[in-house]
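Lettering of chains follows the sequences in order, A, B, ..., and the numbering in each one begins at 1.
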Protein chains: 2
Amino acid sequence: MLTQKVLGVKGEEDPAMDGPEDTGRTAAAGRGAEGGRTVGIKDVARAAGLSITTVSHALNGKGQVSTRTRERVRQIAEELGYRPNPAAQVLLSGRTGVIGLAAGHQSSEPWERTYRPYYAAFTAGAMVEAVDRDYALVVVPVGPGTDLWTRIPMDGLIVVDPIAGDPVIDEALRRGLAVVTDGRPIDPAHAGLPYVQSDIVTGIGLVMDHLHDAGARRIGLLSGSELDSFTLDSEQTHAEWCAARHLPAAVERTAPGEPARDAARRLLATRPDAVHALNRTYGEAVLAAARELGLSIPGDLMVTVMDEAEPGARPALTTLGLDPRRVGSACAAVLIDRLTGAEPEPVTVPSRLVPGESTRRG
Amino acid sequence: MLTQKVLGVKGEEDPAMDGPEDTGRTAAAGRGAEGGRTVGIKDVARAAGLSITTVSHALNGKGQVSTRTRERVRQIAEELGYRPNPAAQVLLSGRTGVIGLAAGHQSSEPWERTYRPYYAAFTAGAMVEAVDRDYALVVVPVGPGTDLWTRIPMDGLIVVDPIAGDPVIDEALRRGLAVVTDGRPIDPAHAGLPYVQSDIVTGIGLVMDHLHDAGARRIGLLSGSELDSFTLDSEQTHAEWCAARHLPAAVERTAPGEPARDAARRLLATRPDAVHALNRTYGEAVLAAARELGLSIPGDLMVTVMDEAEPGARPALTTLGLDPRRVGSACAAVLIDRLTGAEPEPVTVPSRLVPGESTRRG
DNA sequence: TCCGCCACCCAAAAGGTTTTGGGAATCCCC
DNA sequence: GGGGATTCCCAAAACCTTTTGGGTGGCGGA
């Protein structure tokens with residue numbers, strides 16, 4: 001009677017599944033959209049002995065319909081269980097009330113990222129904002145070989161971490177969708193799109209100042225191979241900061257597919273006294289590589305790391321924390337502003353420096 | 001130049017935003033669906049000097065079209081940047097390729113739950129399964145006063161924790177949507193719907209046996225006021241287990257809005273030697289109440305708790321762990337089976353007992 | 001009795017696509 | 001050169017709703 005297997009036991013009574021209604025909705029209820037007919041406005045009109053127009057007017061409170069008729073129509077529609085077909089309304093109005101969130105990097109496998117804290121928090125933020133403004137959010141996978149998202153009706157699309165020549169953006173624009181990106185679009189062809197970005201420039205500045213104040217003079221950067229604005233801005237700010245102070249600016253990038261630890265080893269080979277890692281994984285890699293070399297932290301090497309997750313408790317590592325939920329929320333807000341006719345400005349969401357043990361020297 | 005405020009600086013060049021294409025897509029790209037026209041099949045037909053029918057056939061590889069014509073049509077469509085309008089296809093085919101996930105209890109505020117680990121993991125599981133089977137998942141808020149979800153086109157709906165007379169289920173059926181529930185539908189009117197449930201009966205049995213083996217003889221249950229199958233099954237299994245062994249079966253429920261700790265105090269007043277709490281919050285409440293009474297754990301009181309979160313590391317409390325991701329995945333699978341014509345069986349996903357310190361006695 | 005007005009209602013178009021059921025050429029063979 | 005088979009293409013219906021631009025009938029006033 002009780003099974004540990006996935007397939008369990010059947011429910012109770014079987015043939016008693018039509019029940020309450022009287023019209024031919026039984027089949028429809030059973031088999032989704034394909035089977036039995038759903039009751040349309042035409043059916044209501046026929047039942048009321050009126051024209052489709054009048055029924056529509058009566059139900060929507062639009063035209064000139066006598067109160068008596070209006071009430072009668074409402075009554076009949078209720079009895080028949082009439083519900084306007086959303087697809088028809090979409091086709092007619094051109095508005096779906098849905099915004100999409102393109103999840104999955106172009107390069108990596110689409111869904112890996114979804115599980116990561118950044119996406120989860122981002123999605124939550126975007127969803128709440130969307131719902132508050134009467135939009136629904138659909139998370140759609142994108143990536144090479146996936147065009148599923150192009151088949152689902154929506155009004156706009158949020159693209160996370162756009163890259164140069166981002167095909168998703170091009171396709172979305174071609175379809176007449178409004179687009180907002182999380183991360184400044186790199187491609188000149190996409191300049192002018194509204195976007196939301198985390199304040200990397202200030203953030204990296206904070207990190208560098210923090211490390212410098214703690215005594216670091218050779219601050220390395222462990223970066224990635226992505227071509228998004230986050231990576232680019234991080235590298236550039238790091239470089240400029242170092243150049244302005246005539247300090248060396250070692251940068252290593254993990255090649256696509258390469259284990260981060262290899263890049264970390266290369267970076268540590270340049271003998272930095274501090275390293276900033278562009279994500280948590282890279283941070284782990286730096287720690288591991290440091291351990292290999294017998295470097296103590298923060299004594300021999302200070303480490304800071306960019307953290308995509310929600311702001312939380314005090315971390316062991318000094319982190320530059322993003323606020324993904326707020327970014328998601330801002331993306332949805334900007335997109336919906338765009339859809340409702342506004343000409344939104346780019347938004348920059350601040351990032352926070354949270355000092356931890358890994359830079360507490362002396 | 002760098003601002004900590006949310007509103008940042010404007011992007012680069014402003015008037016250079018039309019760019020690559022030649023057709024009148026500029027306006028469309030700018031203002032979403034409402035502004036400039038998108039290029040339709042009609043435009044392709046006109047440009048090719050062919051009928052709409054032939055264009056459709058050529059592009060979909062359907063009818064009898066000469067290879068030369070087919071190629072020419074493809075060419076022209078490409079040049080014009082034609083993309084079929086998804087809304088029109090939905091209207092015609094009656095299939096959207098979208099399944100909904102109704103998030104938010106009927107009673108509580110809609111979104112609180114979304115953040116909770118169960119929903120997050122459930123959503124992730126459902127989303128991956130949906131995408132694997134070429135469906136998109138849209139998470140829609142439901143609850144009193146929200147009919148947003150009824151306006152978005154979809155083929156089916158997942159309802160989490162259905163209650164008796166669940167209005168969302170009724171509405172969905174009325175619309176001809178396929179419905180699957182997470183948790184066995186309580187309402188007799190909804191019997192026959194496919195569902196997925198966690199194996200509470202076995203799970204509670206495991207917990208009770210575990211506590212009994214550890215020496216407990218007066219095992220209390222801290223329950224909630226929800227009328228879902230999870231709560232009902234838990235209470236019933238607990239009661240039957242106790243009855244079969246002629247042991248007392250104290251149960252307390254938190255009233256709606258009541259702090260869980262009050263109910264926990266009432267339960268502890270019955271002097272149980274073990275308590276099972278139906279969710280994490282209730283578990284905390286039991287611990288707090290025990291602390292008030294100076295009870296040591298597990299010495300004076302053993303505690304187990306139902307955990308909605310993902311299976312993780314060994315917990316301090318002995319937990320009965322659900323597998324929300326697998327449940328979500330199963331819900332999507334069952335729903336899509338239904339949509340593709342199958343008559344799916346109810347699915348039961350096993351739950352796991354993970355012993356922790358709170359029942360380690362002697 | 002006729003005109004105009006008002007209250008109420010309706011036909012048809014529009015929205016964009018797919019599919020059905022032909023129709024018009026062209027070709028082959030007798 | 002005519003019949004039939006092919007080949008290629010097209011008009012129109014269907015999907016379901018909303019909105020535009022009337023249209024009809026009754027009533028009051030002249």
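Proximity of Thr54(B) to the phosphate of dC8(D): no side-chain N or O atom is located under 4.0 Å from OP1 or OP2. Remark: Ser56(B) is in phosphate contact with dT18(C), judged by side-chain N or O atoms under 4.0 Å from OP1 or OP2. Of the side-chain N and O atoms in Lys62(A), none sit less than 4.0 angstrom from OP1 or OP2 of dT18(D). Regarding contacts with the backbone of dG16(C), every side-chain N or O of Tyr82(B) stays at 4.0 angstrom or more from both OP1 and OP2. Look at Ser66(B) and you'll find a side-chain N or O under 4.0 angstrom from OP1 or OP2 of dC9(D). OP1 and OP2 of dG15(C) both lie 4.0 Å or more from every side-chain N or O belonging to Ser93(A). For the OP1/OP2 pair of dC10(D) and a distance below 4.0 Å, the side-chain nitrogens and oxygens of Thr53(B) include no atom meeting the criterion. Of the side-chain N and O atoms in Asn85(A), none sit less than 4.0 angstrom from OP1 or OP2 of dC15(D).
In this structure, Arg83(A) reaches the sugar-phosphate backbone alone: every heavy-atom distance under 4.0 Å involves primed, P, OP1 or OP2 atoms, never a base. Within 4.0 Å of Leu50(A), counting heavy atoms only, lie sugar-phosphate atoms of the nucleic acid but no base atom. Across all strands shown, Arg68(B) has no heavy atoms under 4.0 Å from either base or sugar-phosphate atoms. Gln89(A) comes within 4.0 angstrom of the backbone, heavy atoms only, and of no base.
Considering only the side chain of Ser51(B), dC10(D) comes nearest among dC10(D), dT17(D), dT17(C). Of the candidates dT17(C), dC9(C), dG15(C), dT17(C) carries the atom nearest the Leu92(B) side chain, counting heavy atoms from C-beta on.
Applying side chain to side chain contact (heavy atoms under 4.5 Å, CB included) to His190(A) and the options Asp166(A), Val159(A), Val179(A) leaves one that passes, Asp166(A).
In this structure, CG on Leu91(B) lies 10.0 Å from CG on Asn85(B), to the nearest 0.5 angstrom. The distance from the CG atom of Asp182(A) to the SG atom of Cys331(A) is 4.5 Å, given to the nearest 0.5 Å.
Rounded to whole Å, atom C1' of dT17(C) lies 10 Å from atom NZ of Lys42(B). The CD1 atom of Ile41(A) sits 16 Å away from the C1' atom of dG15(C) (whole-angstrom rounding). Per the geometry, CD belonging to Glu71(A) stands 17 Å off C1' belonging to dC8(C), to the nearest Å. Following rounding to the nearest Å, Gln64(B) (CD) and dT19(C) (C1') show an atom-to-atom distance of 14 Å. Atom pair Arg46(B):CZ and dG16(C):C1' shows a separation of 13 Å (rounding to whole Å applied). The separation between His57(A) atom NE2 and dA11(C) atom C1' is 12 Å, rounded to whole Å. The separation between Arg70(A) atom CZ and dC8(C) atom C1' is 11 Å, rounded to whole Å. Taking atom CG of Asp43(A) as the reference point, atom P of dT17(D) lies 9 Å away to the nearest angstrom.
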Between protein and nucleic acid, restricted to nucleotides 24-28 of chain C and to nitrogen or oxygen atoms under 3.5 Å apart, what atom pairs and distances do you find?
none

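In the model, Glu71(A) has no side-chain atom that pairs as donor or acceptor with a side-chain atom of Gln75(A) under 3.5 Å.
Within the 3.5 Å criterion, the main-chain N or O of Ala164(B) finds no donor-acceptor partner in the side chain of Asp187(B). Between the side chain of Ser56(A) and the backbone N or O of Ile52(A), no donor-acceptor pair lies under 3.5 Å. Judged by distance alone, with hydrogens and angles left aside, the side-chain atoms of Thr340(B) form a donor-acceptor pair with the main-chain N or O of Ile336(B) at under 3.5 Å.
Here the side chains of Ile99(B) and Leu339(B) are in contact, with some heavy-atom distance below 4.5 Å.
Judged by the 6.0 Å and 45° rule, Arg95(A) forms a cation-pi pair with Tyr135(A).
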Practice task
Quick one: do Glu171(B) and Arg83(A) satisfy side-chain contact (heavy atoms from CB on, under 4.5 Å)? Show the steps, please.
Solution key: CA-CA 9 Å; Glu171(B) 183 66 20; Arg83(A) 295 290 183 276; 2.6 Å; yes

Handout entry: Worked check of salt bridge (Lys or Arg N to Asp or Glu O under 4.0 Å) between Asp161(A) and Arg184(A)
Key = CA-CA 8 Å; Asp161(A) 282 345; Arg184(A) 185 166 29 80; over 6 Å; no

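Note that the two end axes of the helix from dT1(C)-dA30(D) to dC30(C)-dG1(D) enclose an angle of 80°, each drawn from 5 base pairs, rounded to 10 degrees.
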